[in-house]
Amino acid sequence: MTRRRKNASNNKGGRKKKDRDQDNWDGHDSRAIETENANFEKYYKAQGIVPEAEWDAFMQALRRPLPSTFRIAGHRDTREDIKKSIVETYVPQLQSASFEGEPLPVPKSIPWYPGGLAWKIDVEKKSLRKSPEYKKFHSFLVYETDVGNISRQEAVSMIPPLFLDVQPHHYVIDMCAAPGSKTSQILEAMHLPSKSSSENEDKNPSGLLIANDSDYRRAQLLVHTTARLPTPGIMVTNLDVSNFPIIKIPSSSPSAARDTEPTMHQLRFHRILSDVPCSGDGTLRKNIRIWKTWSPMDGNGLHSLQLRILQRAMRMLVLDFEEQLSTASSETTKTAGITVNKEKGRIVYSTCSFNPVENEAVVAAALNTVPGFEVVDVSAHFPELERRPGLTSWQPAIDRDVDISCKTYQEYDAKFEESVTKDSNDTSKADRPKRNKYSDTLWPPANSKELGLEKCMRIYPHLQDSGGFFITVLQRKTRRAEGTDTVVSDSGNVAESQKRPVPDEDDEDDESLVASKKVKLSEEDANGDGMQVDEPVAPEEEQKTKKSSGKKAEKQKTGHFKENPFTFIPPDDPGVLGCIKRLRLSPDFPSGNIFVRNPVGEPTRSLYLVNDTVKMVMQSTDYTRIRLVSAGVKMFGRSEFAKQAAASDPSQASDELQFRVLSEGMLTVLNYADKSTFIQGDVDALRTLLKSYFPLLSSFSDSFRAHIESRAIGSHIGCFKAGDYEGTRLNHDLIYPLWKSEQSICLMIDKTAKKALSLRLFGEDITAASSKDGEQAAGKKIEPSKDVDEVLVPADDVEEQENADDSDAEDS
Ligand SMILES: C[S@@+](CC[C@H](N)C(=O)[O-])C[C@H]1O[C@@H](n2cnc3c(N)ncnc32)[C@H](O)[C@@H]1O
């Protein structure tokens, strides 16, 4: 019997992301979709992915709509605010409400996610539409999602970063990162207090996160996702990560290297996330079109790319402590701050697929071809997360109907040979390929039971009402354990047992490495087609993505890369020093780590800041070689005020007015700011700043006005103190950039952020719809006269403020 189910996620073509976001919070839709695929059942039953007794529960769960899940994201302080709003306001409101005589479903926190920061809601569209309580909650979710404080993410997709255990000083690479929900989790972890406590949460993390995606458009998406939690430690790259080049960095610290040519060594990573492109049947509950298109062969075409990505990850992982000591020259050992690392590196390999060909087969082949690694037993971690062990035997499909069965690669190969011989006498089949198309690594290797594959984790929909996922944690074996490595021949047989040293690529010329690995990508691999991603792309966008990524893959092959250059500017640039002075930042502000996006290093518009590690990497390699799309934090923006003031009154021209701190730069700047210099405000001042774009100084209370009147024109930092005000509570100090003009002051955050803040603080949107409305909202009827504009703020600043969320495009 054909079953039908309801869901909205299938028809998104041609609609704006914002509208789709809105829809995605809208519970279950009423359209009926088929949820049958006989080959799916046949194939997975044959694999024994779940015990016979659980099969019905597994299939039933797959056919049910997926509950909406979300993660509270962003900075630690805001996360606590959002959680408080949900726990103390929305949950009680929903608990006490009902719809058509029935209690409303209430959001529940996901038990295995740390800190109560992940939530699940299972609500139908009609309750959402008609219940006023849900409407309110819905609008809260939409606004907070827009500003990045809430990330709509499948619960299972939140798992891999948890097992990475990232620390602020780690060098991390997220190999296939777009759209970036896991990258955001990594960023959040980098901003938490370090376990080694050498760094605390108030510091900018000293580590590095490379977020990479081979699809150019999706890499651009990463730039925006990562800007939600801006950090000077980020780089976004656009490479086929299976060919990620070796980056050589100086072994000694920059100061020690000043007099001598520094020794170089390979940049290796402490944490690597390989969340590879996959067939995506673990997302069936959400991407229901897969029911129709699913084929058991889907995974076969992705296996080789997945394997090459994991093998590359293994070669990029940090060496263990003793190995580093034994491979480091005496020179590097002496100044080994960067080279020698006592921690074990860790790789997390994951897919949203049930198919063993994309999962255990990839892990097994990687373990057998890059010796010295093991699967880590993480069964004691996150005990509330229900999981099943990895498989040690499976059987790849070689025909769509899962009719032909070959237990081993040899069996398959023999069958293939037989059919080729038969077909050679049949002229109608003369075109039949003369070489079989599958690699032996699709089948379980002879040593599959000795590889610890049962320590891989399989998450099924019926275990905790979620999607499906596969996660494996890998690390280097200790040297002693390494002696037991077995080496497996190409055919999958254990050929010999011998001790194999971990290959060190330090001496390997990276061009030759890349060349040796240049296995011709199938069209499917190169274009990223055939993949399912965590966040589905609308059909129209998908088409564009395919076209653009196809072109991009072509460009990548030819080395063509059109990004504006990254040029560091002198640390004593007058505009930068002026801005630092105006904001009264401490002398240790790293003004030498500022770059611009133009070849001449002209500080024309935006100034970006990176940490020492990112600067070192950027200076060690050409940005086109790593196809660097963006780096660091957009810190300062040129203010039009300086230009205008100088034009009308040269005495007003000042280096201190050239730049203003941007809202993206606030988190970073706070590490260098003296809190006593902040403009102190209360909730009333904040209300006035939200209601109006450019409130006149006269619209504030005497004390706040006195505070701002004494300040010079230009960029300032405002601090709105935590506390209980009549009817409103600020849980912690809120710190925002301000721009003070002659007679007005402006809160320099974008419109959406203002709306979300207003909703969180006052339970309603009190913000101005436009600068003119804003003045009216603030009780000032303003006629659009030139004079008034001049009184408020220069016109260009209006535009600047309204476009405050415009991103990197501006230097293009
Ligand atoms: C499963 S999605 C990643 C989801 C992402 N980790 C997240 O959580 O938001 C796989 C991504 O891999 C990218 N991709 C495909 N082939 C790649 C390759 N050879 N190198 C790097 N990225 C690749 C795709 O563009 C796609 O964005």
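Values below: every heavy atom of this structure, side chains too, minus hydrogens, waters and symmetry copies. Order of appearance sets the numbers: ligands from 1, and atoms from 1 within every ligand.
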Phe382 vs Trp112, test: ring pair (Phe, Tyr, Trp, His ring centres under 6.0 Å). Steps then yes/no. CA-CA 6 Å; Phe382 308 102; Trp112 47 262; 7.7 Å; no

Examine ligand 1 and decide if any of its atoms is less than 4.0 Å from a heavy atom belonging to Thr225. no

When only distance counts, is Asp213 in polar contact with ligand 1, meaning an N/O pair under 3.5 Å? yes

With under 30° as parallel and over 60° as perpendicular, where do the rings of Phe354 and Tyr44 fit, or are they tilted in between? perpendicular

Just wondering, do Phe470 and Met457 contact through their side chains at under 4.5 Å, heavy atoms? no

Give the numbers and elements of all ligand 1 atoms closer than 4.0 Å to a heavy atom of Asp240. 18 (C), 19 (N), 20 (N)

Atoms in ligand 1 with a heavy atom of Gly180 nearer than 4.0 Å: 7 (C), 9 (O)

Tell me whether Ile309 has any N or O atom under 3.5 angstrom from an N or O of ligand 1. no

Would you say Thr237 and Asn212 are linked by a side-chain donor-acceptor pair, where the criterion is simply a distance under 3.5 Å? yes

Counting from 1 in the order shown, the ligand 1 atoms closer than 4.0 Å to a non-hydrogen atom of Asn212 are 21 (C)

Ligand-side contact atoms (ligand 1) for residue partner Leu305, heavy atom cut-off under 4.0 Å: 16 (N), 19 (N)

Pick one of side chain, backbone, both or neither for how Ser242 approaches ligand 1, counting any non-hydrogen atom pair under 4.0 Å. neither

Between Glu358 and Thr351, do the side chains contain a donor N or O and an acceptor N or O under 3.5 Å apart? no

Geometric N/O contact Ser181 with ligand 1, under 3.5 angstrom: yes

Examine the side chains of Ser242 and Asp240 and answer whether a donor and an acceptor come within less than 3.5 Å of each other. yes

Take the angle between the ring planes of Tyr460 and His462 and call it parallel below 30°, perpendicular above 60°, tilted in between. parallel

What I want to find out is whether Asp174 reaches Arg271 closely enough, with some N-O distance under 4.0 Å, to be called a salt bridge. no

Gap separating the CD atom of Glu563 from the CZ atom of Arg597, nearest 0.5 angstrom: 5.0 Å

Nearest candidate to atom 22 (N) of ligand 1, where distance is taken over non-hydrogen atoms, out of Ser214, Ser157, Pro160: Ser214

Based purely on interatomic distance, does Val276 place a nitrogen or oxygen under 3.5 Å from a nitrogen or oxygen of ligand 1? no

Considering only heavy atoms of Arg218, which atoms of ligand 1 have at least one such atom less than 4.0 Å away? 25 (O), 26 (C), 27 (O)

Quick look: Thr351 vs ligand 1, heavy-atom contacts under 4.0 Å, and the answer is neither

What atoms of ligand 1 come within less than 4.0 Å of a heavy atom belonging to Asp215? 25 (O)

Between Pro277 and ligand 1, is there a nitrogen or oxygen pair with a distance under 3.5 Å? no

Any carboxylate oxygen within less than 4.0 angstrom of a Lys/Arg side-chain nitrogen, looking at Arg228 and Glu664? no

Report the part of Leu239 in contact with ligand 1, treating N, CA, C, O as backbone and CB onward as side chain, heavy atoms under 4.0 Å; options are side chain, backbone, both, neither. backbone

Would you say Cys176 has any N or O atom under 3.5 Å from an N or O of ligand 1, going by distance alone? yes

Would you call Glu154 and Lys120 a salt bridge, using N to O less than 4.0 angstrom? no

